[in-house]
2 protein chains.
Amino acid sequence: MNKPLVTHLAALRALANPHRVQIMDWLLDPQSHFPPQRDGDLVLDGVCVGFITDKTGLSQPTVTSHMKSLEQAGLVSSKKIKNWVFYKANQAALQQIATSFTSASEAL
Amino acid sequence: MNKPLVTHLAALRALANPHRVQIMDWLLDPQSHFPPQRDGDLVLDGVCVGFITDKTGLSQPTVTSHMKSLEQAGLVSSKKIKNWVFYKANQAALQQIATSFTSASEAL
DNA sequence: TATCTATATAGAAGATTCACTATATGAACA
DNA sequence: TGTTCATATAGTGAATCTTCTATATAGATA
């Protein structure tokens, strides 16, 4: 149904920040970017806030805030296990964005 | 090659604004959104700043500023004819973004 | 030449974003 | 029960963004 780019404004805004878009890239291939986790699988469950905090060098509250932005935009989902919150990329959302950019690039 | 999303940060930032992303959608199908032009073809040359200004309801300097953002991000190109500046969507740039989102959506 | 037209530039006010520190919450465990 | 660990919330200051008005520039035209 060829959705216009403006449909994805919330996601575009979430990705318009160097830390957040970098985090998305990391979450898309977590095994290459994070150490193994004990209480949750990197791929199946996602990556915990602490690991992302370490890798960005930002403070923990700042990372929590960025992750909420990404989640509200539908780009990631979260799962709470014990004390941890694991974040995982939402590939369906990325696919919808991809579709819109593809049809945009094919416009006559 | 499979470029990460962070590669497109400049474009994502340019599109992270409701007016700019709306303008992009309009420029992708100019004939559906703008009246015919006398001194430049809507499709071949692009759309002049004045038409975009009218359609957004923003002031002319604000639109000029938005168009410069889009151009610096590589999302549009401009052509000056007489007194007008015509802006046209850069579909090659959109295609590269589409490719990155597609491979992101296919990450394992 | 003088004027008109389309766009660009300058400058400033208000809103939003981004990051921090300090602190709270809530679950697990000694 | 009390402590520890991981994350959330509150609050704040600095930077950036968005928009405006006023004005400048440059090309076309009378």
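Order of the sequence lines fixes the chain letters, A, B, ..., with proteins taken first and strands second; residue numbering starts at 1 for each chain.
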Practice task
Would you kindly compare B:Trp84 and B:Lys68 by the position of their nearest DNA chain C nucleotide and give the one closer to the 5′ end?
Solution key: B:Trp84
Fill in the blank from the handout: For nucleotides 14-20 of chain C, 5' to 3', base contacts (B), sugar-phosphate-only contacts (S) and non-contacts (-) with protein non-hydrogen atoms under 4.0 Å give ---SSBB
Exercise for the section: Hey, could you give me the CG/NZ distance between A:Asp25 and B:Lys3, rounded to the nearest 0.5 Å? Expected result: 13.0 Å
Exercise for the section: Check B:Gln22, B:Arg20, B:Glu71 against B:His66 for a side chain to side chain donor-acceptor pair (under 3.5 Å) and give me the one that passes. Expected result: B:Arg20
Exercise for the section: Quick one: sort the A:Phe34 and A:Trp26 rings into parallel, tilted or perpendicular, breaks at 30° and 60°. Expected result: perpendicular
Completion exercise
Here the gap from B:Met67 atom CE to B:Ser78 atom OG, rounded to the nearest 0.5 Å, amounts to 8.5 Å
Handout entry: Exam field: side chain B:Gln37 to backbone B:Gly46, donor-acceptor pair closer than 3.5 Å
Key = yes
Problem - Interatomic distance, A:Gln95 atom CD to A:Asn90 atom CG [nearest 0.5 angstrom] - result: 10.5 Å
Completion exercise
Nearest heavy-atom approach of A:Ala104 to B:Gln91 is O-NE2, 3.6 Å
Fill in the blank from the handout: All heavy atoms of A:Val47 vs all of A:Pro30, minimum pair found to be CG2-CB, 3.8 Å
Problem - Distance in angstrom units between A:Lys82 NZ and C:dA28 P, rounded - result: 7 Å
Practice task
Can you see which heavy atom on B:Ala73 is nearest to which on B:Ala10, and at what distance?
Solution key: CB-O, 3.7 Å
Exercise for the section: Please determine, by modelled atom types, if B:Thr64 and B:Gln60 share a side-chain donor-acceptor pair under 3.5 angstrom. Expected result: yes
Practice task
Anything under 4.0 Å to a heavy atom of chain B counts; send over the first and last such nucleotide of DNA chain D, read 5' to 3'.
Solution key: D:dC17 to D:dA28
Problem - DNA chain C contacts among residues 36-53 of chain A, heavy-atom distance under 4.0 Å - result: none
